[in-house]
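Quick note: numbers below take in every heavy atom, side chains included, and nothing from hydrogens, waters or symmetry partners. Counting convention: from 1, in listed order, for ligands and their atoms alike.
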Amino acid sequence: MCGIIGYIGKRQALPLLVEGLRRMEYRGYDSAGVAVAMPSGIFTAHAVGMINALDEKLAALSGLAGTLGIGHTRWATHGGVTEQNAHPHADCTGDVWVAHNGIIENYSELKNELTARGHVFRSETDTEVLPHLIEEAARAYPEAGLGEQVRVALQKIIGTYGIVVLDRRAPETLIAARNFSPLLIGIGGGGIGDGEYFVASDASAVLKHTKEVIYLDDGEIAVLTPRGHHVSDLGRNTRTKTSERIEWTDDEVKKDGYAHFMLKEIHGEPEAIENSIRGRIVLEEGGARLGGLADALGVLREAQRILIVGCGTAYHAGRIGEYMLEEYASIPVETDIASEFRYRKPVFRPGDVLLAISQSGETADTLAAVREAKQKGVFTLGIVNVVGSSIARETHAGVYQHIGPEIGVASTKAFTSQVAILALLTLLVGRQRDMSLVTGERIGSELKKIPDLMREILKQERAIKKIAAKYKNAQNFFFLGRKYNLPVALEGALKLKEISYVHAEGCGAGELKHGPIAMIDKHLPSICIVPHDSTYEKMISNMEEIRARKGPIIAIATEGDERVQTIADDVIYIPKTLEMLTPLLSVIPLQLFAYHFGVQHGHDVDKPRNLAKSVTVE
Ligand code: G6P
């Protein structure tokens, strides 16, 4: 989703801004722009499309010297994808420039008022009301300083924002403010400040220059100058902030010779699982030790129900967790899409625990579900990858995924890591209840084997690529599974849609006969996940039904299963594991299939159209 970058210091701002924007490209965007304060005035450039288009415009110019600047990648919400709508946006004078993430809900009312007072708008965006409001505040309080002028403007805003602001008349000041849209301050000079600050919506944009960051909280405004920083709230109260160190290295944000981040991340799944489970399985006790839950053990022991929320891939991981926790930890679980959960009236009961799953820790709907539950007195947990992210900070307790940055928009290693952590949670909660030592040991030892089993599947990449080529012309796909592999079917379909723009439907195989089967013909391939588990015979029957209607079948089956070969047109084998852990293996062929299918269709699979990595609007 939209990316923000800002810089104030001694170095030339423009190259740092462009580099920061490039590092946030993976978040998804449709246009970009920069504004740099130069001695002669403000220089700006805007372009539709990739950062390269912006860079080409900038290359045609020379001598753009300035040590204060802001930049933005836009993912359109209000107003079409045009240069005029690309950020940063200015006031009438062209002195004040703002880059904004989020949505200003009362913008049309504000715009009407501002227009009536003579302001001229150049874009269709909600954002543009901000520079005009700051312009008015600067006129009303000329001596107040830019920080105060921005505060006055923000007091009129209803909605969400992460903003950076600069003003030609204040060449030594950069302002950042946040409300429900992630923003951090990177402390330059190797973490000691030294007159240099970055502002970014995403840590990866500043990692190369500093690992010392301050995360802004909602309602906070930061005034950054070469002399230091000051953070306060909308009511002018000073907020004391401590900086945090980011663990990720800059190298982790590179492709390492892979054609795409998505492919690197699929191949990184065995290691990601190792990192997610390292030191957390206590085999001799048949349990799990999760440091982030140490203070929540009492609450978990008493818990009567777990409510899982997430969006997209994280939601699918949650659905698998639901099966695991109910089957092995004997606790009722309900999983919901965060955007539904927060807008219906969830009826909480004493003993409820809400578990939010989110790679980025910033998904607006998931965060809102956490806040809703907290407000009702519910204990909240998180499974989050990005350290220091909003969901990680706002939940009462949680588990970090420790898988490094996930850059590909289509989530892969985050999914399997979340499922592995849900298995650990199942061990932990299960052993607090009626799970036997033997069962716990079995799950723990099988989970430890998963990374090597994943490596076996990854060796079949070439064969999977061939299968993707064979079905290249198909316009529709079904993904079918049962029980633990129903969410995997949903995830396989989501992956294909995301990066190939071909229609795919994930469906519980038992539901096939209640409608979807009407679609089956020789043009509609079905990808059937049919491991040797408790639903095997039923899956085989469903595959027979498809075959009887001439539907092509690609099966994901357990090694050694020859029967499947007699029904399916193509078979991809996965090693045997515990039924509850099969999703960790069965999803990998689906990820590789989607990847190669998307690449064969000529798509940029790391940056699929219309999608964003971190969806910070509702
Ligand atoms: C976006 C991404 C998906 C992701 C979902 C949830 O839609 O494109 O890949 O699964 O957000 O993201 P989260 O960061 O909360 O896991």
K.L.:
Do Ser390 and Glu362 pair up side chain to side chain, a donor and an acceptor below 3.5 Å, judged on atom types alone?
P.N.:
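Yes, side-chain donor-acceptor contact under 3.5 Å.
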K.L.:
side-chain contact (heavy atoms from CB on, under 4.5 Å) for Ile281 and Leu447? Distances and angles first, verdict last.
P.N.:
CA-CA 9 Å; Ile281 298 173; Leu447 186 54; 4.0 Å; yes
K.L.:
Counting heavy atoms only, which of Thr313, Val309, Leu367, Asn385 is nearest atom 4 (C) of ligand 1?
P.N.:
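Looking at heavy atoms only, the winner is Thr313.
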K.L.:
Taking atom types as modelled, is there a side-chain donor on His72 or Asn101 under 3.5 Å from an acceptor on the other?
P.N.:
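Indeed, the side chains of His72 and Asn101 share at least one donor-acceptor pair under 3.5 Å.
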K.L.:
Applying side-chain contact (heavy atoms from CB on, under 4.5 Å) to Leu354 and Phe341, what does each step give before you reach the verdict?
P.N.:
CA-CA 11 Å; Leu354 180 114; Phe341 180 88; 3.5 Å; yes
K.L.:
Should Cys311 be listed as contacting ligand 1, given a heavy-atom distance under 4.0 Å as the test?
P.N.:
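Contact present.
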K.L.:
Do ligand 1 and Val409 have nitrogen or oxygen atoms that lie under 3.5 Å from each other?
P.N.:
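It does: an N or O of Val409 is found under 3.5 Å from an N or O of ligand 1.
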K.L.:
Within the structure provided, determine whether Arg178 and Glu220 are in side-chain contact (heavy-atom separation under 4.5 Å).
P.N.:
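A side-chain contact is absent here, since even the closest heavy-atom pair is not under 4.5 Å.
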K.L.:
Does Glu498 approach ligand 1 within less than 4.0 angstrom via side chain, backbone, both or neither, non-hydrogen atoms only?
P.N.:
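For Glu498, the contact with ligand 1 is made by the side chain alone.
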K.L.:
Under 4.0 Å from a heavy atom of Ser360: give me the atoms of ligand 1 that qualify, with their elements.
P.N.:
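Listed by number with element: 13 (P), 14 (O), 15 (O).
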K.L.:
Should Thr363 be counted as touching ligand 1, given the test is an N or O pair under 3.5 Å?
P.N.:
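Right, the criterion is met.
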K.L.:
Consider every N or O of Gln359 and every N or O of ligand 1, then say whether any pair is closer than 3.5 Å.
P.N.:
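Yes, there is a polar N/O contact under 3.5 Å.
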K.L.:
Give the atoms of ligand 1, by number and element, whose distance to some non-hydrogen atom of Ser358 is under 4.0 Å.
P.N.:
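Contacts of ligand 1 toward Ser358, numbered from 1: 13 (P), 14 (O), 15 (O), 16 (O).
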K.L.:
Distance only, no hydrogens: is a donor on one side chain within 3.5 Å (strictly under) of an acceptor on the other, for Asn485 and Thr582?
P.N.:
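The answer is yes; a qualifying pair exists.
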